[in-house]
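Encoded as structure tokens, the structure appears first; notes follow it.
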Amino acid sequence: MAAPALATTVVRYITDRIGKVDVFDETKADLQKDSPWYKLGSIAYLYWMITIISGLILVAVYLPTTFQAYDSIIMIKESTLLGIIRGLHKYGGDAIIIASTLKVYRMWFRAEYKNKGELAFLLSLIVLVAAMYSGLTGYLLIWNQRAFWATKIFGTFPTYLDIAPAVNFWFLPSITGLVTSTIGTLTHQGNNISQMLLGGSSIGQATMTRFYSLHFGISLIALVISELYFYKNRYKRINLNRWTILFFFCILLFTAIVLPAEMGSRANPEVTPLPILSDWYFLALYQLLKYMDPYWATLWTVGIPFITLALCFFDIGPEKDPWRRPLFSIAAIIGLIDFIAFSFLIIMNVADINRDPPFWYGQMIVVMTFAELWHYGLYKQMKAWLFWVVPNVLLSGWYFFLYVVPKPMLPASLTWFYSNDPKVHPNHMAFATHPFMTLWLILSVILIVITGIFALCKPTAEVQPA
């Protein structure tokens, strides 16, 4: 394809999708009559406005310094009115994240990313991620013990991208780590990102200033862009009647009064709390860090939104019913279940990196195997089976025989392929050490057998009567 023709195709592709952009369900007012799920965008926008207005009021009292921040929060708490406004601000931010998450799930289950809706789905993900990181930057501003140490963990994440992973247990054990560690050696990408986030090598006044600016900046930039968008297209911002708006505002007000925003104890860099907890929407990622090598946990944390977006391009075909798209629907359900389970586990401070990862992998393989059976029962498509079977067999077989089966220590000449660290695969490791890895391998073999049976026993076409 010639360059001009390619450029024209790309421009047409983008233009077609820009025409279907929908950020806060502003184009779906008519669908609200059939389903309340289409009010989620307007609800998110309503809570965003409440959060911005309450935040502007708090600015007049809050002092963004490490010496005065906590005391200014105490002063806000001691004032009944300001305490309620702070609750509106805190719980309003939480409500934005909840409404945006539900909207992303609605779009996923109803396949709204199809029929040129990919850009609208991308923008919904961006709104969710921006709301989460805006909440994260605001979390430190309390300057209490929990926020300080959660930020310290968050700020340390990028530094792992400069080093090769200590534990290699994915498809190509050393290649990914070699590439990123080489780039890290040349550019210090992870350390530089951490330095920019924290304003130095430790949390201090520079960190406070950066987070305070980011907390304002994210909302300010988003507000300007969204207002220009609404002005240009003449869209109504909140497609809710006054009673619905009053209802959702009263829910937020009731929460702010009954459950005042937490204070905690003043930040103390000398005392490490256990467990270290972030705000609720990042708890699962902190548990993931405890389950995995920090290098891989960092890649997962950064990669989840990109993986989610990439998966929607694999959902080809016109089908939108979630019950007829079992692979994608069950993957989303498992993601939600794991998020809730991991959040509870870190609150209870339960994690053993040498024992628990097989449980995570084991449940994934069981559930996705069920999804593949369901998909085959609907469509009798062998390609979907092979898409799951081949990578799964390679991964589970490689992990099992490389790390579980007893073996002598390997020569140093093979360390380029995987770690020779005895902590990774000691000589005494046996099948019983990782029962769920054993289950994984067995299920993989069973899946191959079932696939072969389905391939050999395809139903013959019925002969139609003359």
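- Taking 4.5 Å as the limit, every side-chain heavy atom of Asn241 sits out of range of all side-chain heavy atoms of Ile245.
- A salt bridge does not link Arg325 with Glu319: none of the charged nitrogens is closer than 4.0 Å to a carboxylate oxygen.
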Please output the side-chain donor-acceptor pairs of residues 115-122 that fall under 3.5 Å, not counting sequence neighbours, one pair per line with the distance.
residue : atom : partner : partner atom : Å
Glu118  : OE1  : Arg17   : NE           : 2.9

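- Trp108 is listed as a side-chain neighbour of Cys312, based on a closest heavy-atom distance under 4.5 Å.
- The shortest non-hydrogen separation linking Thr27 to Val21 is CG2-O, 4.3 Å.
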Can you check salt bridge (charged side-chain N to carboxylate O under 4.0 Å, His left out) on Arg237 and Glu26, steps first, answer last? CA-CA 6 Å; Arg237 292 163 178 78; Glu26 59 275 0; over 6 Å; no

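- Residues forming a ring-ring contact (aromatic ring centres under 6.0 Å, His included) with Phe248 (at least two apart in sequence, or on another chain): none.
- For the pair Gln145/Val271, a side-chain contact is recorded, criterion being any heavy-atom separation below 4.5 Å from C-beta on.
- Between Leu198 and Ser202 the shortest side-chain heavy-atom distance does not fall below 4.5 Å.
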Working note: Arg106 + Asp25, criterion salt bridge (charged side-chain N to carboxylate O under 4.0 Å, His left out); need CA distance, chi angles, decisive distance, verdict. CA-CA 11 Å; Arg106 184 204 74 202; Asp25 289 338; 2.8 Å; yes

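- Qualifying salt bridge (charged side-chain N to carboxylate O under 4.0 Å, His left out) partners for Arg146, counting only residues two or more places apart in sequence or in other chains: Glu262.
- Applying the side chain to side chain donor-acceptor pair (under 3.5 Å) test to residues at least two apart or on different chains, the pairs with a partner in residues 84-102 are Ser54-His89, Lys90-Asp94, Asp94-Trp280.
- Partners of Tyr70 under the ring-ring contact (aromatic ring centres under 6.0 Å, His included) rule, at least two apart in sequence or in another chain, do not exist in this structure.
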Quick one: do Leu327 and Phe314 satisfy side-chain contact (heavy atoms from CB on, under 4.5 Å)? Show the steps, please. CA-CA 10 Å; Leu327 294 175; Phe314 287 96; over 6 Å; no

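- A donor-acceptor pair under 3.5 Å is absent between the side-chain atoms of Ser79 and the main chain of Ile76, judged by distance alone.
- The number of heavy atoms from other shown groups lying within 6.0 Å of NZ (Lys28) is above 12.
- Between the side chain of Thr244 and the main chain of Leu240, no donor-acceptor pair closer than 3.5 Å is present.
- Within the structure, salt bridge (charged side-chain N to carboxylate O under 4.0 Å, His left out) contacts touching residues 46-58 (residues at least two apart or in different chains) do not occur.
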Apply side-chain contact (heavy atoms from CB on, under 4.5 Å) to the pair Ser278 and Leu283, showing each step before the final yes or no. CA-CA 6 Å; Ser278 68; Leu283 286 175; 4.1 Å; yes

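- For the side-chain contact (heavy atoms from CB on, under 4.5 Å) test, residues two or more places apart in sequence or in another chain that qualify with Asp71 are Ile74, Arg266.
- In this structure, Ser329 contributes its side chain and Pro326 its backbone to no donor-acceptor pair below 3.5 Å.
- Side-chain contact between Leu197 and Arg210 is absent, with no heavy atoms from C-beta onward closer than 4.5 Å.
- Under the 4.0 Å criterion applied to side-chain N and carboxylate O atoms, Asp315 and Lys320 are not assigned as salt-bridge partners.
- When atom types are taken as modelled, the side chain of Tyr47 and the backbone of Ala99 share no donor-acceptor pair closer than 3.5 angstrom.
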Go through the steps to decide whether His375 and Arg324 satisfy the test side-chain contact (heavy atoms from CB on, under 4.5 Å), and finish with yes or no. CA-CA 8 Å; His375 183 92; Arg324 298 190 63 82; over 6 Å; no

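- Residues forming a side-chain contact (heavy atoms from CB on, under 4.5 Å) with Ile218 (at least two apart in sequence, or on another chain): Ala130, Ser134.
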All N/O donor-acceptor pairs, side-chain side in residues 37-46, below 3.5 Å, sequence neighbours left out:
residue : atom : partner : partner atom : Å
Tyr38   : OH   : Arg110  : NH1          : 3.3
Ser42   : OG   : Asn239  : N            : 3.0
Tyr45   : OH   : Glu227  : OE2          : 2.8

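- Applying the ring-ring contact (aromatic ring centres under 6.0 Å, His included) test to Phe339 and every residue at least two apart in sequence or in another chain returns nothing.
- Proximity of a side-chain donor or acceptor of Thr137 to a complementary backbone N or O of Tyr133 within less than 3.5 Å is detected.
- Side-chain atoms of Leu223 and Trp48, non-hydrogen and from C-beta on, do get closer than 4.5 Å to each other.
- Taking the six-membered ring for Trp and thresholds of 30 and 60 degrees, Tyr235 and Phe230 have ring planes more than 60 degrees apart, a perpendicular arrangement.
- Using a 4.5 Å heavy-atom threshold, the side chains of Leu309 and Ile307 count as separate.
- Listed by chain and residue number, Trp143 satisfy the ring-ring contact (aromatic ring centres under 6.0 Å, His included) test with Phe148 (two or more places apart in sequence, or in another chain).
- In this structure Ser124 satisfies the side-chain hydrogen bond (donor to acceptor under 3.5 Å, both in side chains) test together with Lys103, sequence neighbours excluded.
- In this structure a side-chain-to-backbone donor-acceptor pair under 3.5 Å is present from Asp321 to Trp323.
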Which is it for Phe154 and Phe282 under the side-chain contact (heavy atoms from CB on, under 4.5 Å) test, yes or no, and what are the steps along the way? CA-CA 10 Å; Phe154 169 75; Phe282 279 115; 5.7 Å; no

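- In this structure, Asn144 contributes its side chain and Ala267 its backbone to no donor-acceptor pair below 3.5 Å.
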